[in-house]
Protein chains: 2
Amino acid sequence: METRELRYFVAVAEELHFGRAARRLGIAQPPLSRAVQQLERRLGVTLLERTSRGVALTDAGSVLLQEGRAALDAVEAAERRTRRAAAPAGSPGLVLVTKAGASTELLAKLLDAYAAEPGAVDVDVVLCGIGEQERYLRDGRADVAFLHRPFDSTIGLDTEELLTEGQVVLLPAGHPMTARPHLCVDDVAAIPGLPMPRWPRDDGSYPDGPGPEVHDNTQLLQLVALGRTTAILPESVRTHLHDDIVTVPVLDAPSVTTVIAWPPHSRSLPLAQLIRTATRL
Amino acid sequence: METRELRYFVAVAEELHFGRAARRLGIAQPPLSRAVQQLERRLGVTLLERTSRGVALTDAGSVLLQEGRAALDAVEAAERRTRRAAAPAGSPGLVLVTKAGASTELLAKLLDAYAAEPGAVDVDVVLCGIGEQERYLRDGRADVAFLHRPFDSTIGLDTEELLTEGQVVLLPAGHPMTARPHLCVDDVAAIPGLPMPRWPRDDGSYPDGPGPEVHDNTQLLQLVALGRTTAILPESVRTHLHDDIVTVPVLDAPSVTTVIAWPPHSRSLPLAQLIRTATRL
DNA sequence: GTCGTCGATACCCACCCGGTATCGCAGCTG
DNA sequence: CAGCTGCGATACCGGGTGGGTATCGACGAC
């Protein structure tokens, strides 16, 4: 199976439409039809049910979509990491990815400590959206990531725990609840007039509900300060807050563990050193 | 990057010889040279240092060898799992791989228990060589594996622990040491006339030493019964021994944990059910 | 110096990828 | 029901490229 065939099939499987998939791939529709037919012939498997009105995936097609994406990521990772390995000195030796606005203190400490080590290489920091770190590791855009259990999945990755912290609720300054020494999750959910915000799902759509739609941290903080919403976050957010937002510990919210994670087959020396530095913080 | 190019490069990188690699790939040498050159041009990276006497890998080449193998495994896995997903009923719904001769009791119990579950599918059992399970999972020849910590690496796999057991030393019946209630590793190493056997390394070669070369369990048991060697193994081997071999507990040998392991992105229902059955044993 | 080995180059043929034009089929519309 | 429209498949064509054979150039070994 060639990666070209795989890319073509994945495009069709995602669009469920040959014409759109062909446009996305920058080719005409007939060669795409032919390529997918050829793939099916070679595999001896029907991947798509075609009607004159559209396309649907078979069971085997779903499997190939899932496994094919992983395979394409692996090929892409091989390409990227090879290019980086050959890049001249001065280019980043390691790329670390983390959610924007999370664990910045810890990250700064790690980067400082690592930079002081003998033989340290340049570390690029990439900020990504929520839950995207795994993808960055799998397709080679990053070598190592900060993840936050229990929110981010760490399956398929090697990890070391760095820091566990409780969670606090963010409230606009002056809100009556800020007088309380601590709260419970149920208390927070029941606060009148402060619905929880709605974060985008993986596919980009938003769940229904009363709260405002948010997609990043600054947006969230602004909405909290404006008294439009509230949020439960790890207590380390406090270092980034002005006095227009007050935090109250939430006793029964799950504690959040920041972990450093990397693809299991990594073999790079600088990466090993960075991880060692991180575990010693 | 196309899988053909990757396969070609990996062959050359493994053989470090264009002629041999071409023979292995079933093509002539000139097209192979050209394909690798083209790959290097496309990547903008020198992968191989050529001399008129042979070939050596550059740093970038080593990275691509490592990452490329993983990528090719992923592509192969996609292909195999797709074919299997389309295979008609009656073909194996799950493939379980384990080291030959290990955990047979536990495996039998699992297969029985799972077969009794409603909606159970056929499970194929594949026996592999030592430490090969991970490869089977990565390239799609198997869906799930039995591994034995601390011997087998479980990095990059999801696992559940099934059974932890101590280890025993195997001695020929009548050996003076069999009178002892228990032994230590050092005691075993010091037994005169019974050197430890030599297992093949990953590359197939054998380490130096006085013991006999062995590559499977029956071979080992026969050599133990003949008084030529000894071995320290998990205590569950006892169910397969005749009275010509006696076991003695080894107190300070690391205990062995049998785990069931699967690739982290698995999504199959039968697999989930098999794992659930296993954890309930 | 000569020969053998190994990778690169030159050249050729056939296949296949990608393009355009068109078909066949099924809804929808009036 | 005729005709239009949208979609995937088919037919056909040209150029690129993957594969082959023959040969070269460099370097070690004898």
Side-chain angles (χ1 to χ4, degrees), chain A residues 1-62 64-65 68 71-72 75 79 86, chain B residues 1-62 64-65 68 71-72 75 79 86:
Chain A
M1 206 164 39
E2 291 303 311
T3 58
R4 188 182 52 84
E5 301 174 299
L6 209 45
R7 268 192 300 270
Y8 286 7
F9 168 74
V10 168
V12 174
E14 285 179 354
E15 300 283 349
L16 293 177
H17 189 295
F18 278 80
R20 275 198 302 276
R23 238 173 296 135
R24 202 175 98 183
L25 293 165
I27 64 171
Q29 169 259 319
L32 178 57
S33 285
R34 234 189 8 190
V36 174
Q37 285 177 62
Q38 181 176 317
L39 175 61
E40 288 180 304
R41 250 201 328 277
R42 284 224 265 258
L43 288 174
V45 167
T46 306
L47 300 169
L48 300 166
E49 298 290 352
R50 294 129 165 113
T51 74
S52 66
R53 303 300 298 164
V55 172
L57 279 174
T58 63
D59 288 350
S62 304
L64 187 59
L65 176 56
L72 289 176
V75 171
E79 193 164 335
Chain B
M1 204 164 39
E2 292 302 313
T3 58
R4 187 182 53 84
E5 301 174 299
L6 251 188
R7 268 192 298 271
Y8 285 9
F9 168 74
V10 168
V12 174
E14 285 179 353
E15 300 284 349
L16 292 177
H17 189 295
F18 278 81
R20 275 197 303 275
R23 238 171 296 136
R24 201 174 100 184
L25 294 165
I27 63 171
Q29 170 259 320
L32 178 57
S33 284
R34 231 186 15 190
V36 173
Q37 286 176 64
Q38 182 175 317
L39 175 61
E40 288 180 303
R41 251 201 326 277
R42 284 223 264 258
L43 288 173
V45 166
T46 306
L47 301 169
L48 299 167
E49 298 290 352
R50 296 130 165 107
T51 73
S52 66
R53 303 301 297 166
V55 172
L57 281 173
T58 63
D59 288 351
S62 305
L64 187 58
L65 177 56
L72 289 176
V75 171
E79 193 165 336

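Protein chains get the first letters and strands the later ones, always in sequence-line order, with residue 1 at the start of each.
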Is it true that the NZ or CZ of B:R7 lies under 6.0 Å from the centre of B:F9's six-membered ring and within 45 degrees of the ring axis? no
Specify the separation, in whole Å, of atom CZ of B:R50 and atom C1' of C:dC6. 12 Å
Would you please confirm or rule out a distance under 4.0 Å between OP1 or OP2 of D:dG6 and any side-chain N or O of A:H17? no
Verify whether one side chain among B:Q37 and B:S33 offers a donor that lies under 3.5 Å from an acceptor in the other. no
Check the distance between C:dC6's P and B:E49's CD and give it to me in whole angstrom. 19 Å
Mark up nucleotides 10-21 of chain D, 5' to 3', with B wherever a protein heavy atom is under 4.0 angstrom from a base atom, S wherever such an atom reaches only the sugar-phosphate, and - elsewhere. B-B-----BBBB
B:E15 CD to C:dC6 C1', straight-line distance once rounded to whole Å: 14 Å
Heavy-atom nearest pair, A:E40 first then A:L47, reads OE2-N, 2.7 Å
Output the rounded distance in Å from CG (B:L48) to P (C:dC6). 16 Å
Separation of D:dG6 atom C1' from A:L16 atom CG, nearest Å, is 16 Å
Would you mind checking if A:R24 and A:E14 are paired as a salt bridge, meaning a charged N to carboxylate O distance below 4.0 Å? yes
Rounded to the nearest angstrom, tell me the gap between atom CZ in B:R20 and atom C1' in C:dC6. 11 Å
Side-chain donor or acceptor of A:R50 paired with backbone N/O of A:L48 under 3.5 Å: yes
Heavy-atom distance under 4.5 Å between the side chains of A:V55 and A:E49, does that happen here? no
